[in-house]
**Q** 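One structure is given below, represented as structure tokens, and several questions about it will come after.
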Amino acid sequence: MLNLDKSIQLFNDASDLLPGGVNSPVRAFNSVGGTPPFIASGSGAYIEDVDGNRYIDYVLSYGPLIRGHAHPAVVSALQAAAARSTTYGAPNPHEVTLAKLVREMMPNIEMMRFVNSGTEATMSVTRLARAFTGKNGIIKFKGNYHGHADFFLVEAGSGVATLGLPNSPGVPSSAVADTLVAPFNDLEAVAATFAANKGKIGALIVEPISGNMGLVLPAAGFLEGLRDLCDANDALLIFDEVMTGFRCHRGGAQALYNVKPDLTALGKVIGGGLPVGAYGGRRDIMEMVAPIGPMYQAGTLSGNPLAMVAGIETLKGIQDEEVWEGFAEFGRILDDGIQQAAKKHNIPIQLNRVGSMQGFFFNDKPVTNYTTAATSDANRFRKFFHLMLEEGIYLAPSQFEAAFISTAHGPQEAARTIAAFERTFAQL
Ligand code: KE4
């Protein structure tokens, strides 16, 4: 048994001060039970909790830390930037450097705006799509999570799905009146939604690889089909790449699948662990954004120098092809080990992997959308989660999340993780 004495005490104190003792619901362990370890530090592929327990981290703050915890280049850039003040409320050169890096890696983003979270990015990009098209209808997918803006809290994934909250109280029906929901990987349903709402739909937003119902890949032709349907219905295609951006591929899902969205939302990796989001895309659309256009969006700390330099040093570290070959190799080793352990212990699992993202389901059928994801064995996941935590493997406390690796995860971590899967599967 893990000694979590200090975490338990902290969780008691936190629960009196913060709803659920956390500042983001999925961290509360509600769906797996038990006390969340309070983390004291991180280094490379590892984190250590306040009781001294050490874990290989496959959460990496739900994606941002693709170079691992406390990467020296990121830390020293932050130290230098902090000594020059933490924010100016004025343009600074790092905004230009990061924007150039993002555009070089994701050329469909001809112009962009930095914000402070993925939620801000998707909220703003949807307002922009509505402003540009003059049509308020948006199509989203069941089990996709685009942050907590009112109009997205309809059959969302991630923490909303984890907590079994189909929607959220406090969201007026007027706020979601223009939000239409379709099943992921179902082009016919999308076509029917467009047909039933002719002339009303301004945009379709999708996680091109769904990471908030577990990891679910687009079926062959799905993304291309969305592009065609948006073109045929004079709607904008928005890729929410907050999670997949610079995670599934050096150029994101839009490069991996060679499908060109009109607009893209980013977050996580581009801030290297500091609060950064971004939205961008076609220049003719982005020129509607204030102050050059009428669509208003603003933020006190948007583009602040600390967040910018953390993002710059993070993206600089994932430029080379061998970094991506390294992710693929780590994934192959890990997946082979997991599959062998599952076969040996007759555990039905579905494994998905793309780039530095991985997901698996305790399910004997392929998982293609939220409905099939939800048929996975949640009780088995709960037991699995805690056994792996005891083994020193830190996974997201929910079946509806993805796992992430970093450049700091190497052969030793893969071997230790496979051994942990083997011992855990033997007990399931
Ligand atoms: P944030 O506002 O949490 O920075 O980003 C919202 C968001 C938007 N779009 C996608 C595809 C996302 O995955 C997210 C946030 N992801 C979750 C993890 N599934 C954040 C973790 C949390 O809520 O604590």
Side-chain angles (χ1 to χ4, degrees), residues 18-32 36 39 57-66 114-126 138 140-163 165 168 184 204-218 238-248 252-254 261 263-279 299 301-302 307 310-311 354-359 370 373 394-404:
L18 311 168
V22 293
N23 283 303
S24 200
V26 71
R27 304 175 190 167
F29 275 32
N30 277 23
S31 76
V32 294
I39 305 305
D57 184 9
Y58 287 99
V59 180
L60 295 171
S61 190
Y62 292 91
L65 298 177
I66 196 165
F114 291 117
V115 292
N116 300 283
S117 70
T119 292
E120 259 196 279
T122 56
M123 181 175 68
S124 308
V125 80
T126 303
I138 52 170
K140 75 172 286 283
F141 291 91
K142 186 177 174 68
N144 272 193
Y145 176 71
H146 302 295
H148 63 86
D150 276 358
F151 44 77
F152 287 137
L153 287 180
V154 183
E155 300 188 73
S158 183
V160 182
T162 300
L163 299 176
L165 301 171
S168 168
F184 189 70
L204 178 149
I205 186 167
V206 65
E207 291 182 54
I209 298 168
S210 289
N212 287 294
M213 51 175 108
L215 188 69
V216 177
L217 304 182
I238 303 171
F239 272 11
D240 177 351
E241 294 223 46
V242 168
M243 188 185 288
T244 57
F246 317 121
R247 263 269 166 213
C248 68
Q254 53 197 269
L263 294 166
T264 299
L266 295 173
K268 296 180 189 277
V269 167
I270 65 167
L274 268 70
V276 180
Y279 63 99
L301 294 174
S302 298
V354 59
S356 61
M357 299 169 67
Q358 184 221 19
Y370 179 74
Y394 192 81
L395 299 167
S398 163
Q399 173 70 63
F400 299 114
E401 295 293 347
F404 303 95

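First listed ligand is number 1; within each ligand, the first listed atom is number 1.
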**Q** F152 vs H146 aromatic rings, parallel, tilted or perpendicular, using cut-offs 30° and 60°?
**A**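 It falls in the tilted class, 30° to 60°.
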**Q** Restricting to non-hydrogen atoms, name the atom on E207 and the atom on N144 that form the minimum distance, rounded to 0.1 Å.
**A**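 Scanning both residues completely, I find the closest heavy atoms to be N-OD1, 2.9 Å.
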**Q** Of the non-hydrogen atoms in G252 and C248, which two are nearest, and what is the gap between them?
**A**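 Result for this residue pair: C-SG, 3.4 Å.
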**Q** Quick one, Y279 and L263 - any side-chain contact, counting heavy atoms below 4.5 Å?
**A**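 Y279 vs L263: side chains apart.
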**Q** Please examine the side chains of R247 and I66, heavy atoms only from C-beta on, and report whether any two atoms are closer than 4.5 Å.
**A**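 SC-SC contact between I66 and R247 confirmed.
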**Q** Who are the residue neighbours of ligand 1 when the rule is a heavy atom under 4.0 Å from any of its atoms?
**A**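 Around ligand 1, where the cutoff is 4.0 Å for heavy atoms, the contacting residues are S24, V26, Y62, S117, G118, T119, Y145, H146, G147, S158, E207, N212, D240, V242, M243, K268, E401.
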**Q** I'd like to know whether F400 forms a ring-ring contact (aromatic ring centres under 6.0 Å, His included) with Y370, so could you lay out the CA-CA distance, the side-chain angles of the two residues, the decisive distance to 0.1 Å, and finally the verdict.
**A** CA-CA 9 Å; F400 299 114; Y370 179 74; 5.4 Å; yes
